[in-house]
Visitor: 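Before I ask anything, here is the structure I am working with.
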Amino acid sequence: GAVVSQHPSWVICKSGTSVKIECRSLDFQATTMFWYRQFPKQSLMLMATSNEGSKATYEQGVEKDKFLINHASLTLSTLTVTSAHPEDSSFYICSARDSRGGGSYTFGSGTRLTVV
Amino acid sequence: DAKTTQPPSMDCAEGRAANLPCNHSTISGNEYVYWYRQIHSQGPQYIIHGLKNNETNEMASLIITEDRKSSTLILPHATLRDTAVYYCIVRGANFGNEKLTFGTGTRLTIIP
């Protein structure tokens, strides 16, 4: 079945630094990928929709200058958390849907970000 | 996208069928019903989806009412590994409206 690889699975960084998270579709092409954030004991919150070759579409309240998204190829999207602060500590998850159509969306295994 | 309503939690005995309800009374004609589950600290796992007809796969069955205002996910023989948060999601079919918006889900606990 479709596989989405997310890297790293966890990262600890200092306040003020930037962290990049990668999301790769391993056996399919994805024109569109999605980035979510999840705080403890809460549901997934959609942050943005990443479109290959064009600008990402951000959900209301999500700072586009803080959460930089790049979708340079049909198999890779990256999320960079810039100037990270402790309140950015969260579980970040990406999702992709096969460009050929079909119904299911495949999720990565998530990245646990801790900002100290 | 239509909003979904799910009970916050449910218990089910191991080996029995787990029936998880979902209300989506404002669903429109071209919106799909998706079910995902999330085991602690992992990415959501796809279970099943449907539009109008009931659907079955190796994991579960999805029963959608005739008026499409509600659905039930059935795990036929629940095991301890089925303990997870289950999300019912309604997704638009139009181009540019393909995002999955998660609600609060149902925390299913399988009891030995």
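Proteins get letters first, then strands, A, B, ... in listed order; numbering begins at 1 in each.
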Visitor: Only heavy atoms, only distances under 4.5 angstrom. Which residues in residues 22-36 of chain A are near chain B?
Guide: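 If one takes a 4.5 Å heavy-atom cut-off, the residues of residues 22-36 of chain A near chain B are A:Phe34, A:Tyr36.
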
Visitor: Going hydrophobic residue to hydrophobic residue with side-chain gaps under 4.5 angstrom, can you get from B:Met10 over to B:Leu73?
Guide: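 B:Met10 and B:Leu73: one cluster.
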
Visitor: Has A:Lys55 got more than 12 heavy atoms of other residues, nucleotides or ligands less than 6.0 Å from its NZ?
Guide: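 Not buried by this count: 12 neighbours or fewer within 6.0 Å.
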
Visitor: State yes or no: do B:Leu51 and B:Tyr87 share one hydrophobic cluster built from I, L, V, M, F, W and Y residues joined by side-chain heavy-atom distances below 4.5 Å, directly or via other members?
Guide: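 Yes, B:Leu51 and B:Tyr87 fall within the same hydrophobic cluster.
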
Visitor: Which of the residues A:Met45, A:Gln38, A:Gln6 is involved in the greatest number of heavy-atom pairs with chain B at under 4.5 angstrom?
Guide: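 Top count of heavy-atom pairs under 4.5 Å with chain B: A:Gln38.
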
Visitor: If you take the centroid of each ring, where Trp contributes its six-membered ring, are B:Phe102 and A:Phe107 closer together than 6.0 Å?
Guide: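 Between B:Phe102 and A:Phe107, which both carry aromatic rings, the centre distance is below 6.0 Å.
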
Visitor: Can you say whether B:Gln38 sits under 4.5 Å from chain A via the side chain, the backbone, both, or neither, judging by heavy atoms?
Guide: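 For B:Gln38, side-chain heavy atoms alone lie under 4.5 Å from chain A.
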
Visitor: Grab the two heavy atoms, one from A:Phe91 and one from B:Gln42, that are nearest each other, plus how far apart they are.
Guide: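 Nearest heavy atoms, A:Phe91 then B:Gln42: CE2-O, 3.9 Å.
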
Visitor: Could you state the interatomic distance from CZ (A:Arg97) to NZ (B:Lys99), rounded to the nearest 0.5 Å?
Guide: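 Going from the CZ atom of A:Arg97 to the NZ atom of B:Lys99 covers 14.5 Å.
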
Visitor: If hydrophobic clusters are built from ILVMFWY residues whose side chains come within less than 4.5 Å, do B:Met59 and B:Ile74 share one?
Guide: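 No, no single cluster joins them.
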
Visitor: What are the two closest non-hydrogen atoms of A:Ser43 and B:Thr104, and how far apart are they?
Guide: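 Closest heavy-atom pair between A:Ser43 and B:Thr104: CB-CA, 4.3 Å.
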
Visitor: If two hydrophobic side chains count as joined below 4.5 Å and joins carry through other members, does B:Ile63 share a cluster with B:Val33?
Guide: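 No, because B:Ile63 and B:Val33 fall into different hydrophobic clusters, even though each may have its own neighbours under 4.5 Å.
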
Visitor: Would you compute the distance between atom CG of A:Leu44 and atom OH of B:Tyr36 and round it to the nearest 0.5 angstrom?
Guide: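 With rounding to 0.5 Å, CG (A:Leu44) is 11.0 Å from OH (B:Tyr36).
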
Visitor: Name the region of A:Glu59, side chain, backbone, both or neither, that has any atom closer than 4.5 Å to a heavy atom of chain B.
Guide: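 For A:Glu59, the side chain is the part near chain B, not the backbone.
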
Visitor: Could you see if A:Ile69 belongs to whatever hydrophobic cluster contains A:Leu76? Use Ile, Leu, Val, Met, Phe, Trp, Tyr and a side-chain cutoff under 4.5 Å.
Guide: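 Not linked; separate clusters.
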
Visitor: Using non-hydrogen atoms and a limit below 4.5 Å, what part of residues 109-116 of chain A faces chain B?
Guide: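 Residues of residues 109-116 of chain A touching chain B at under 4.5 Å: A:Ser109, A:Arg112.
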
